[in-house]
**Q** 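Before anything else, here's the structure in question.
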Amino acid sequence: MADLTKQLNRSDAKARLAELASVLERADAAYHTKDDPFISDAEYDALKRENAALEQAFPDLKLADSPSDRVGAAPSDGFSKYKHAKRMMSLSNAFSAEDVADFDERVRKFLNLSADQTVSYTAEPKIDGLSLSLRYEAGKLVAAATRGDGEVGENVTPNALTISDIPDQIDTTLQVLEVRGEVYMADTDFAALNAAQQAKGNKPFANPRNAAAGSLRQLDASITKSRPLRFFAYAWGELSAPLADTQTGALAELQRLGFTVNELTQGFGSVEGLIEHYNLIEQKRAALGYDIDGVVYKVDDLDYQRRLGFRSTTPRWAIAHKFPAEMAWTRLEAIEIQVGRTGALSPVARLHPVTVGGVVVSNATLHNEDYIAGFDNSGAVLREGRDIRVSDWVQIYRAGDVIPKIRDVDLSKRDAASEPYVFPTVCPECGSPAEREEGDSVRRCTGGLICPAQAVEKLKHFVGRSAFDIDGLGAKQVEQFYLDGWIAEPADIFTLGERFGAGSMRQLKNRDGWGAKSAEKLFQAIEDKRTIPFSRMLFGLGIRHVGEAASSLIAQHFTSWSRLTEVLDAAQDGSEDARATLLEIDGVGEVMANALIAAFANPAERASIDKLASVLTIEDAAQLAQSDSPVAGLTVVFTGTLETMARAEAKASAEALGAKVASSVSKKTDILIAGAAAGSKAAKAEALGVRVVTEAQWRDLTGI
Ligand code: IVH
């Protein structure tokens, strides 16, 4: 590759870069947006490498929107957005009978059931297609939308209406009925479609799932109509009245209304039954005629489902028991080190491309240096101690959508001259020492903001979707602006206009890939984010351990940015009260509290945070969801043994009523709910004059 780039002169290189940008952009869109890749992963990687080599040889020719900086593709903008009335959830996974037993245990514990009380479940195949939500109002289909990010999907109503399994009119008395299920393509239909695609000179689809997704998401619904799509109903969203008392009953009702429910759906009274059914479905898998990737178990009783509720993106009442991962052997060509936002050095295996479960894989994670050496995080021996070396023959596996991993090494094929991999002790990006803290398996660059990789990753995180989400300022632009010296830290984004004055627009619009319109739009998008919610500001800083959910909790707790900084400053000065205020937040533990305090105490980091805060308006956070319940906005603590509900349910239901649940008692506690054998917390509450109630009084108060 290097030779090739040397042979090219500047103008050839420029032309080739433009060509590569165009091909790669189409390839990205085909893969991510159209679900219809037209080149293999290996070909794609080769083009990317060629692009990177040319950019290295001619750095000044690198395009502003170079494919090297692009990750995935923007969501398709051909469809209108559709906000789901109820979030579309995904499922947590189980990989063994033991995981399933743990799931049952968690469910029973949450519901506070005794050892002899069992829970009934349904088991059904997990269809490998794409989920769709169908909204019926007064029995008429009014909208069909894909899952999207769970909250907002794509409106594909005309397309859904072409699927014969989806009725446009149903016989129901319900004003609102949202039916959810999976769109898929049968194996024979997939084979026929691919044969027709090839006859027409079109690239075949990689698998039935891609074919189904690509067929449903056609702007021209007549194309969808010509594709043989099918639909299984398995769940529901908003309902104006319940469908039944049980999952089984609800599915029977959906069937009565004309939906197809998978015939392998069955109810069981025990985990043993579920596992038997899993084995049966696995045996039948090849002959089913459509792709499935596991078995889904759901709590049958809908009142139990209601009580169990949801974690942020998955229900507590369901789990997907996945079929074993697919595996393949290939050659490990190189180990590369990537430096992340928090300085973590992550080793990545570059592999000779190999197909694993229908997907070409050319990279796999190697986790950390211990993993390469043959140890897990606790120091236990992995792969019977076999280490991983460059040029080794390695076994790759993929489980679900997760990044491919390496399971094993074939020592009989090891090159006699190979050497154990030596993990770098200096950062490959900035040369600063890379150190491991006691008890941490990750080695981290100590360069902080002077490390370009950390600085750029922090900036990318800052502009990310859950943080500042500035339209037109994605990972690739941030990287480019960083390389150009335009922005080095988040505050610089908001001073771009000021620093360059009117000239900034001119400079930007004269750059490759930028026009007057896009430049103007970018400056407007930046201005739009100058006022930012507290939680996004905090999450945007990218402080280790402080994730999106924690940022919201912290914002809701302190409500104003100045209050948070005051508390962190006091904690840094050694105030135990301040530390306690932080730890009082349920969901904030020692590790996170220390990370927050340390970030605000680090002079360079603090200067950067304050500089950012000074150019923004940080909106106060609202107190926790205000409901009209008598405990909304109150801080409550549970202690002792509760009789009617387990601690997790007590907490979830209090939060649903708008109360904050803290783990320790302080002056700010409003109510302590004391179960049986309440100990020191009850005594402390008495001493502080905090209101103490029994479990029964709490139930009376809240009406739960
Ligand atoms: S239930 C709230 N049941 O799997 C529960 N999902 O990995 C919603 N899926 O997004 C999901 N077969 O697209 C459910 N029998 C089944 C399923 C199923 C396939 C998909 C669905 C979901 C994904 C989660």
Side-chain angles (χ1 to χ4, degrees), residues 35 84-95 99-100 103 107 121-134 144-154 156 160 165 178-186 207-210 212-213 216-217 229-239 243 246-248 250-252 254-255 259-268 274 277-278 281-282 284-285 288-302 304-323 325 398-402:
D35 310 299
H84 295 293
K86 285 217 157 136
R87 207 188 147 88
M88 286 187 82
M89 294 284 165
S90 53
L91 293 168
S92 51
N93 292 326
F95 296 98
D99 290 350
V100 179
F103 161 69
V107 165
Y121 297 95
T122 59
E124 66 198 279
K126 183 169 189 298
I127 317 298
D128 201 2
L130 73 155
S131 47
L132 188 67
S133 183
L134 306 169
T146 60
R147 189 170 81 148
D149 62 4
E151 303 229 356
V152 178
E154 288 169 333
V156 292
D165 284 344
E178 285 184 355
V179 178
R180 291 178 174 176
E182 203 85 351
V183 173
Y184 68 100
M185 193 178 282
N207 53 46
R209 200 207 76 83
N210 276 336
L216 182 68
R217 295 164 74 240
L229 293 175
R230 299 170 191 235
F231 181 78
F232 277 126
Y234 53 63
W236 51 91
E238 193 183 353
L239 296 175
L243 287 173
T246 59
Q247 179 79 25
T248 316
L251 290 183
L254 291 179
Q255 199 158 24
F259 294 95
T260 311
V261 170
N262 193 287
E263 60 184 17
L264 288 167
T265 309
Q266 215 173 299
F268 296 92
L274 297 179
H277 200 53
Y278 170 90
I281 292 178
E282 193 178 18
K284 292 187 177 225
R285 183 180 185 185
L288 285 179
Y290 49 86
D291 280 6
I292 63 172
D293 58 351
V295 178
V296 182
Y297 308 136
K298 298 173 186 166
V299 169
D300 196 32
D301 183 325
L302 297 185
Y304 278 170
Q305 283 196 8
R306 180 191 59 75
R307 283 177 57 193
L308 285 154
F310 300 89
R311 302 178 205 91
S312 56
T313 59
T314 56
R316 288 195 191 86
W317 44 263
I319 199 158
H321 188 177
K322 303 298 280 283
F323 292 134
R398 279 178 70 235
D401 295 334
V402 297

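We count ligands from 1, going down the list as the structure has it; atoms in each ligand are counted the same way.
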**Q** F310 vs W317 aromatic rings, parallel, tilted or perpendicular, using cut-offs 30° and 60°?
**A** perpendicular

**Q** In the structure I gave you, are the side-chain heavy atoms of D128 and N207 within less than 4.5 Å of one another anywhere?
**A** no

**Q** Which protein heavy atom lies closest to atom 24 (C) of ligand 1, and at what distance to 0.1 Å?
**A** L91 N, 3.5 Å

**Q** Quick one: which of D301, L308, L302 gives a side chain to side chain contact (heavy atoms under 4.5 Å, CB included) with Q305?
**A** L302

**Q** Are the side chains of P315 and K298 in touch, meaning some heavy atoms are under 4.5 Å apart?
**A** no

**Q** What part of R147, side chain, backbone, both or neither, has a heavy atom within less than 4.0 angstrom of ligand 1?
**A** side chain

**Q** With the threshold set at under 4.0 angstrom, would you say P125 reaches ligand 1 through any of its heavy atoms?
**A** yes

**Q** Tell me whether W317 reaches ligand 1 (any heavy atom closer than 4.0 angstrom to a ligand atom).
**A** yes

**Q** Which label fits Y121 and F103: parallel for a plane angle under 30°, tilted from 30 to 60°, or perpendicular past 60°?
**A** tilted

**Q** Counting heavy atoms only, which of Y234, F310, W236 comes nearest to atom 9 (N) of ligand 1?
**A** Y234

**Q** If we check side chain to side chain contact (heavy atoms under 4.5 Å, CB included) with Y297, which of these qualifies: T122, V100, L91?
**A** V100

**Q** Classify the contact between M89 and ligand 1 as side chain, backbone, both or neither, using a heavy-atom distance cut-off of under 4.0 Å.
**A** both

**Q** Give me the nearest non-hydrogen protein atom to atom 12 (N) of ligand 1 as residue plus atom name, then the distance to 0.1 Å.
**A** I127 N, 3.0 Å

**Q** I need the atoms of ligand 1 closer than 4.0 Å to a non-hydrogen atom of P315, numbered in the order shown.
**A** 2 (C)

**Q** Just let me know how E182 lines up against ligand 1, side chain, backbone, both or neither, with a heavy-atom cut-off below 4.0 Å.
**A** side chain

**Q** Take R230 and D165 through the salt bridge (Lys or Arg N to Asp or Glu O under 4.0 Å) test and state the conclusion after the steps.
**A** CA-CA 6 Å; R230 299 170 191 235; D165 284 344; 5.8 Å; no

**Q** Is ligand 1 under 4.0 Å from a heavy atom in the side chain of V296, in the backbone, in both, or in neither?
**A** side chain

**Q** Taking 4.0 Å as the limit for heavy-atom contacts, which would you say applies to A235 with ligand 1: side chain only, backbone only, both, or neither?
**A** neither

**Q** My understanding is that only one of K86, R87, M88 makes a side chain to side chain contact (heavy atoms under 4.5 Å, CB included) with H84; could you say which?
**A** M88

**Q** Where is the nearest protein heavy atom to atom 23 (C) of ligand 1: which residue, which atom, and how far?
**A** K126 NZ, 3.9 Å

**Q** Salt-bridged, E154 to R217, with N to O below 4.0 Å?
**A** yes

**Q** Between K298 and ligand 1, find which residue part has any heavy-atom pair under 4.0 Å and reply side chain, backbone, both or neither.
**A** side chain

**Q** Would A320 count as a contact of ligand 1 if the rule is a heavy atom under 4.0 Å away?
**A** no

